[in-house]
There are 2 protein chains.
Amino acid sequence: MDEDEVGTVDVPEATVARLPQYLRALSTLAEAGLRTVSSEALADAVGVGSAKLRKDLSHLGSYGTRGVGYDVEQLHRQIADHLGQTTSWNVVIVGIGNLGHALAGYGGFASRGFRVVGLFDDGAHVVGEVVSGLPVRPLDDLPSVLRPGEPTIGVLAVPAEHAQVVCDRLVAAGVTSVLNFAPTVLRVPADVDVRKVDLASELQILAFHAQRRAVRSTAAAPAPTAPAPTATTSVPALQRSRRPALGATGPVLDRVGEVV
Amino acid sequence: MDEDEVGTVDVPEATVARLPQYLRALSTLAEAGLRTVSSEALADAVGVGSAKLRKDLSHLGSYGTRGVGYDVEQLHRQIADHLGQTTSWNVVIVGIGNLGHALAGYGGFASRGFRVVGLFDDGAHVVGEVVSGLPVRPLDDLPSVLRPGEPTIGVLAVPAEHAQVVCDRLVAAGVTSVLNFAPTVLRVPADVDVRKVDLASELQILAFHAQRRAVRSTAAAPAPTAPAPTATTSVPALQRSRRPALGATGPVLDRVGEVV
DNA sequence: TAGATTGTTAATCGATTAACAATC
DNA sequence: TAGATTGTTAATCGATTAACAATC
């Protein structure tokens with residue numbers, strides 16, 4: 001560790017993913033009038049351990065003051081710098097369906113320095129419509145909106161079937177950062193960065209854990225000697241689990257193709 | 001590894017997060033008429049290494065056939081089982097703003113076995129409105145919609161300021177799985193499972209990497225002996241990086257409170 | 001039997017955590 | 001100086017990966 005310039009030192013991915021949370025917590029603290037904060041207090045506000053927080057900050061070359069803590073404003077600036085929050089980023093949204101619509105109007109983007117500068121869709125019924133103050137344009141207009149030299153993030157909110165094609169067009173137009181809401185794997189050149197948000201997956205993961213809790217609590221029941229007692233007998237739960245076991249409903253088959 | 005019953009063996013978190021992707025890929029393969037698939041091919045479709053896939057499946061106690069591969073339908077059933085996809089899950093959405101609206105109409109939920117059974121909001125202007133076929137009800141109606149015995153997932157799409165209060169009410173009503181779209185840390189009892197989706201964070205993480213690429217490519221430029229050449233001279237890029245350096249725009253401060 | 005592909009082993013890597021010496 | 005809190009070290013844990021023996 002020598003140079004301290006932003007972007008010089010390597011920051012672990014897990015740390016990067018937490019930086020936005022720290023930043024947000026610091027904003028809240030600053031608004032509350034706090035000038036200084038300890039790793040303990042900040043970590044707490046974000047719901048992580050203080051050791052992890054300090055480790056994370058150490059990757060930024062951040063300097064707190066021993067015995068005192070961190071200067072809230074300075075640390076905020078430092079993290080914002082690392083996240084590129086000093087620059088305003090342009091965002092284009094492709095696919096103005098249900099979700100694209102919502103994203104176009106999402107206040108959380110603007111407040112963190114992201115400016116939605118273009119909405120795109122090739123559906124005849126949407127093109128031309130004005131959404132959140134911006135006209136929906138055909139995909140062909142992409143190049144005219146993407147100013148080379150201005151960093152632009154592409155948000156993909158199209159159905160899975162179209163995701164790859166649309167992504168290709170974004171890349172062709174010079175976009176190198178893509179946020180993909182379609183449940184598909186996108187193939188992109190090595191210099192393009194793709195992040196994926198899969199809403200249904202999130203529910204599926206929750207369901208996995210919930211089922212597990214349910215099964216566990218059932219499994220913990222003593223093997224019934226007589227015919228099993230009625231429905232949901234209270235059972236010695238293992239760790240977590242308050243819900244009764246799942247009532248079996250008809251099987252459900254996964255389908256492809258639907259999104260947004 | 002003895003018993004093979006779903007929910008018995010421990011499955012690593014990283015694996016759980018990939019199961020929905022495998023499931024989806026298997027659906028696609030099945031639709032394409034494939035009866036059998038090798039770990040190589042399936043892994044490929046999901047964008048992971050085949051070793052990782054096989055390791056993941058081994059946690060489920062899955063049995064493929066050496067020399068042959070996996071039976072597409074059987075593997076699909078097996079994973080669906082583990083994910084609790086055999087049961088239909090109820091979902092309630094709280095906060096019918098921009099995002100809640102979109103989620104209520106999101107086709108990707110239904111197709112994966114999630115049924116939206118209730119929409120809630122306390123805003124005078126939304127209550128009573130019908131969204132995607134469901135009436136928006138006041139939060140007080142929560143208990144009447146949540147059938148004890150039916151596993152229900154709560155989706156939080158309210159502004160950050162209200163997230164904790166609303167979450168408390170969900171928990172009080174018996175919800176033990178929460179998907180949180182508000183950029184706040186939720187405090188919940190140990191038996192409640194919370195997952196968070198922070199849309200702005202995703203952009204921030206992309207911005208971090210993009211900035212890094214930009215800085216790197218600039219840093220790789222030979223120290224100019226004469227006054228630096230104009231603007232974006234082509235520069236020996238390190239690995240990735242095609243974009244010019246960021247044009248500095250005014251600083252942007254983070255704010256709290258806005259969501260959805 | 002020969003070829004293919006699994007399930008598992010062992011090595012490696014990255015992330016988390018607790019503990020503490022450094023230092024304000 | 002005494003108390004507080006950082007930044008870092010070292011131990012631990014979990015996840016990834018390559019390689020290969022088992023076996024269809």
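Below, read A as the first sequence line, B as the second, and so on, with proteins coming before strands; counting in each chain starts at 1.
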Completion exercise
salt bridge (charged side-chain N to carboxylate O under 4.0 Å, His left out) with A/D198: of B/R195, B/R112, B/R24, only one passes, and it is B/R112
Practice task
Return the value, rounded to whole Å, for the distance between atom CG of A/D56 and atom P of D/dT6.
Solution key: 14 Å
Exercise for the section: Using atom CG of A/L53 as one end and atom C1' of D/dT5 as the other, report the distance to the nearest whole Å. Expected result: 12 Å
Fill in the blank from the handout: Readout for nucleotides 18-24 of chain D: B = base within 4.0 Å of protein heavy atom, S = sugar-phosphate only, - = neither; 5' to 3' it is BB-BBBB
Problem - Nearest heavy atoms of A/Y22 and A/V48, plus distance in Å - result: OH-CG2, 4.0 Å
Practice task
With B/L170 as reference, evaluate B/V175, B/V188, B/V192 under the side-chain contact (heavy atoms from CB on, under 4.5 Å) test and give the passing residue.
Solution key: B/V175
Practice task
Using modelled atom types only, decide if a donor and an acceptor are shared between the side chain of A/Q164 and the backbone of A/R187 within a distance under 3.5 Å.
Solution key: yes
Fill in the blank from the handout: Sequence neighbours excluded, the answer for side chain to side chain contact (heavy atoms under 4.5 Å, CB included) partners of A/T36 is A/V68
Fill in the blank from the handout: Sorted by chain and number, sequence neighbours left out, side-chain hydrogen bond (donor to acceptor under 3.5 Å, both in side chains) with B/T15 holds for B/D56
Handout entry: Rounded distance (Å) that lies between atom P of C/dT8 and atom CG of B/L60
Key = 12 Å
Exercise for the section: Could you say whether B/Y70 or A/A14 is positioned toward the 5' end of DNA chain C, judged by the nucleotide with the nearest heavy atom to each? Expected result: B/Y70
Exercise for the section: Look at the side chain of B/W89 and the backbone N and O of B/G84, then say whether any donor-acceptor pair between them is shorter than 3.5 Å. Expected result: yes
Problem - B/L75 CG to C/dG7 P, straight-line distance once rounded to whole Å - result: 10 Å
Handout entry: Atom-to-atom span, CD of B/E13 to P of C/dT16 - whole angstrom
Key = 14 Å
Problem - Salt bridge flag under 4.0 Å for residues B/D193 and A/R212 - result: no
Fill in the blank from the handout: Taken to the nearest whole Å, CZ/B/R18 to C1'/D/dG14 is 12 Å
Practice task
State, yes or no, whether a side-chain contact exists between B/D71 and B/L75 at a heavy-atom distance under 4.5 Å.
Solution key: no
Problem - Paired and unpaired positions of DNA chain C as dot-bracket, Watson-Crick or G-U wobble under 3.5 Å, | denoting a partner strand - result: ..||||||||||||||||||||||
Practice task
Quickly work out the B/L57 CG to D/dT17 C1' distance and round it to whole Å.
Solution key: 16 Å
Completion exercise
B/D10 atom CG is separated from D/dA15 atom P, nearest whole Å, by 10 Å
Handout entry: Qualifying residues under side chain to side chain contact (heavy atoms under 4.5 Å, CB included), relative to B/S39, sequence neighbours excluded
Key = B/S50, B/L53, B/R54, B/Y70
Practice task
Enumerate the residues from residues 33-42 of chain A whose closest heavy atom to DNA chain D is under 4.0 Å, giving them by residue number; use none for an empty result.
Solution key: A/S38, A/S39
Exercise for the section: Would you check if the side chain of B/R213 reaches a backbone N or O of A/T176 as a donor-acceptor pair within less than 3.5 Å? Expected result: yes
Practice task
Report which part of the nucleic acid B/G69 touches: base, sugar-phosphate, or nothing (heavy-atom distance under 4.0 Å, all strands).
Solution key: sugar-phosphate
